[in-house]
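Quick caveat: nothing in here was measured; it's all calculated off a predicted structure.
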Amino acid sequence: MGPLNGIRVVEFTGIGPAPMAGMLLADLGASVIRIDRPQAAEAMRAGSAGPHMSEGRPVLGVDLKSEEGLVRARELVSRADVLLEGFRPGVMERRGLGPDDCLELNPRLVYARVTGWGQEGPLAHTAGHDMNYVSVNGALHSIGRAGGPPVPPINLLGDFAGGTMFAVTGVLSALLERQGSGRGQVVDAAMVDGSALLMSMVLEDRARGSWSDERGTNYLDTGAPWYDVYECADGGHVSVGCIEPQFYAAFLEGTGLVGEDLPGQWDQAGWPRLRERFAEVLRTRTRDEWGAVFEGTDACVMPVLSPGEAPDHPHVRARGALVREGGRVLPGPAPRFDRTPGGVTRGRPLPDADETLREWGLTPE
């Protein structure tokens, strides 16, 4: 049933981090009902693909521009524990569904808002995408190789790590606090804030003088030869991350470089020579051959698998971190619970919205 069994969430359909937050709350056992435009909801119920990460949750078509639609939305809000929305600031207020309206209707409501720039600030009403949010807080600048441009980390860092995960953290924290106060509150999860917080370790190293703003010269950004990705004989790649001395020793053992006259691990002047030698050796075998060499060792070397290959990795398969269903690759549940395990809401028939309405004590249309 999941640890959030009994928690009710009304999700106003959006894109990016908000629907992923709804997906995670549903995976954890919450009863989540999505509100979308009537035409979009009808199309999805008829079998059309909905917005990204909108599977597994019933969708209810509601025209928020009509009084009838607002009445239905308010009915749901009055019975919900959590409201989740990802629109630009002011959109919900203009619909009469802003925090003041909803908390007056339901004082115990946790009102979660996830945006790129946050609810206030000079850019609050400006459009943006993942790479824009991580551009202004130093995160994107820090990703890439020396002499090259910053490399956008697809939309993992801003949207999902900086947005979704902090929105869910805020929701869970507010629900916990409500147990004592009996009151809900507004959660303002901004991707620019969350991804800035994720830079904590880098900023701490920078303050200590052990991290340079020069991209690709540091120990975690491919500057160090023992924390990088290398091409193998077949064009595949392995990741090498042997930071600690005992792991570095295991790497040298596996590559046959023990005893060779090489610069010291932390001798930065010698890093170009180490990189050259590591690349030369790692090109002598295929990716999977190196995977076999380092299997079961603490050298911190792993084959770099494509999304299509990843479900077949023995560890990934054993944990069900990725599974194949109906020709699709789907992620498994995370995190895991021993007593109240959650589940996966993707790849299943769309739940019936009318049934959910009845469970919430409402009459279907």
Side-chain angles (χ1 to χ4, degrees), residues 1-14 16-36 50-60 73 75-86 99 102-103 105-114 159-161 163-189 194 319-321 323 330-362:
M1 299 294 288
L4 294 186
N5 181 42
I7 296 296
R8 296 173 175 176
V9 181
V10 56
E11 172 193 346
F12 288 82
T13 296
M20 188 177 191
M23 181 190 81
L24 288 179
L25 293 172
D27 283 358
L28 293 172
S31 175
V32 183
I33 188 164
R34 293 177 47 248
I35 289 181
D36 206 340
H52 288 101
M53 296 168 292
S54 61
E55 295 179 307
R57 310 189 292 289
V59 56
L60 184 66
E75 286 177 338
L76 287 164
V77 168
S78 69
R79 288 164 170 77
D81 297 287
V82 179
L83 183 153
L84 178 63
E85 64 100 352
C102 291
L103 285 166
L105 184 66
N106 180 358
R108 291 176 55 82
L109 182 71
V110 173
Y111 194 112
R113 326 189 78 172
V114 53
D159 278 358
F160 302 130
T164 293
M165 297 305 172
F166 284 92
V168 172
T169 299
V171 165
L172 299 180
S173 300
L175 287 173
L176 183 62
E177 191 277 339
R178 190 184 69 174
Q179 293 181 3
S181 69
R183 300 170 58 196
Q185 60 183 305
V186 178
V187 177
D188 175 6
R319 288 189 59 82
V323 297
L330 298 173
R336 310 293 176 89
F337 298 84
D338 70 340
R339 189 170 52 80
T340 57
V344 175
T345 55
R346 274 79 66 205
R348 298 178 181 176
L350 195 66
D352 182 34
D354 288 349
E355 182 179 341
T356 302
L357 287 173
R358 293 188 190 97
E359 292 173 356
W360 284 35
L362 294 171

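Distance alone, capped at 3.5 Å, places no donor-acceptor pair between the Arg113 side chain and the Val186 backbone. Between the side chain of Asn106 and the main chain of Val77, a donor-acceptor pair closer than 3.5 Å is present. No donor-acceptor pair under 3.5 Å is formed between the side chain of Thr340 and the backbone N or O of Gly2. Panel note: side chain Arg336, backbone Arg319; a donor-acceptor pair is recorded below 3.5 Å.
Summarising the geometry of Val10 relative to Ala80, their closest heavy-atom pair is CG1-CB, 3.9 Å, with the distance given to 0.1 Å. In terms of heavy-atom proximity, Gly343 sits nearest to Pro333 at O-CB, 4.2 Å.
With no hydrogens or angles considered, a side-chain donor-acceptor pair links Asp27 and Thr345 at under 3.5 Å.
For the pair Val59 and Ser54, the minimum side-chain heavy-atom distance is 4.5 Å or more. With contacts defined as side-chain heavy-atom distances shorter than 4.5 Å, the pair Arg346/Pro331 qualifies. Side-chain atoms of Val187 and Phe166, non-hydrogen and from C-beta on, never get closer than 4.5 Å to each other. Taking the side chain as every heavy atom from C-beta outward, Met23 and Arg57 approach each other to under 4.5 Å.
In this structure, OG1 on Thr164 lies 6.5 Å from CE on Met53, to the nearest 0.5 angstrom. The CD1 atom of Ile33 sits 9.5 Å away from the CD atom of Glu359 when rounded to the nearest 0.5 Å. Rounding to the nearest 0.5 angstrom, the gap separating the CZ atom in Arg8 from the CZ atom in Arg79 is 8.0 Å. Between atom CG of residue Asp81 and atom CG of residue Leu175 there is a gap of 6.5 Å, rounded to the nearest 0.5 Å. Note that CG of Leu76 is 10.0 Å distant from OG1 of Thr356, once rounded to the nearest 0.5 Å. Put simply, CG on Leu84 and CD1 on Ile35 are 11.5 Å apart, with the number rounded to the nearest 0.5 Å.
In the displayed structure, Arg183 atom CZ is contacted under 6.0 Å by at most 12 heavy atoms of other residues, nucleotides or ligands.
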